[in-house]
Amino acid sequence: MTEDCVFCGIIDGEIPGHIVHETDEVVAFLDAEPVSKGHTLVVPRQHVETIYGADDMEYLWTETVNVANAIRTCFGPEGMNLQQNTGEAAGQEVDHLHIHLTPRYTGDEVELSYDRSELGNGEELAEELSTYMR
Ligand code: AMP
C-alpha cells in the first residue's frame, strides 16, 4: 500500500471500487469513467508506477487475458483495445501500473487517433535498439 494512491486504496478496500476479479497478485475493477461498456482496469497488487517496474509480473499478462475473455463472454464485444499508459507524456493519470481493457463494439464512437509517419531509417533504428535488449 502506498499512501495517496487511489488504486492501492481500492485494492485494500479503503476506497470503493467495482471489483470484478481478484487473485493473490492482481485486482481487476471497472474504470470509473468508462470509454465503453465493460472498460476494466487490470492492476497488480504490488505498487509499481509504470511498465518499467513490471519485469517479473508475468501473472499480469495471464490475468489480463483471463479478464479479456470474461469481458468477451459477458458483453460480446466485436473487438478489444489494450492500453497501458506509462508517464505523463503518454497520458498516465494514476501512478500505479494498470492495463486498460476497452471492449469495442461495431459502430461505437470511440476514437483512437494517431498521426503516423514514414519509417525511413528502420534498419538503423532497429539495430540501435536491439543492442539494448537483455
Ligand atoms: P491512465 O490515464 O492510464 O492513468 O488511466 C487512469 C484511469 O483510472 C482512468 O481511465 C480513470 O477513469 C480511472 N480511474 C481513476 N480513478 C478511479 C477510481 N477511483 N476507480 C476506477 N477507475 C478510476
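Keep in mind that this is a model prediction, so the values were computed, not measured. We count ligands from 1, going down the list as the structure has it; atoms in each ligand are counted the same way. Counting begins at 1 with the first residue of the sequence.
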Under 3.5 Å: N/O of Gln92 near N/O of ligand 1: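 For ligand 1, there is no N or O atom that lies under 3.5 Å from one belonging to Gln92.
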
Phe7 N/O under 3.5 Å from ligand 1 N/O: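 Not met; the criterion fails.
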
Shortest protein contact, [atom] (heavy atom only):
atom                    : value
atom 2 (O) of ligand 1  : Gly91 O, 2.8 Å
atom 15 (C) of ligand 1 : Val94 CG2, 4.1 Å
atom 11 (C) of ligand 1 : Asp31 OD1, 3.4 Å
atom 21 (C) of ligand 1 : Ala32 N, 3.3 Å

Geometric class of the Phe7/His98 ring pair [parallel <30°, tilted 30-60°, perpendicular >60°]: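 Ring orientation of His98 relative to Phe7: perpendicular.
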
Applying a 4.0 Å heavy-atom criterion (strictly less than), which segment of [X] is in contact with ligand 1: side chain, backbone, both, or neither?
X     : value
His98 : side chain
Gln83 : neither
Ile15 : neither
Ile10 : side chain

Closest contact, heavy atoms only, Thr40 versus Ala28: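 Answer, listing the atom of Thr40 first, then Ala28: CG2-CB, 4.1 Å.
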
Residue-ligand contact Leu30/ligand 1, heavy atom below 4.0 Å: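 Per 4.0 Å heavy-atom rule, Leu30 contacts ligand 1.
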
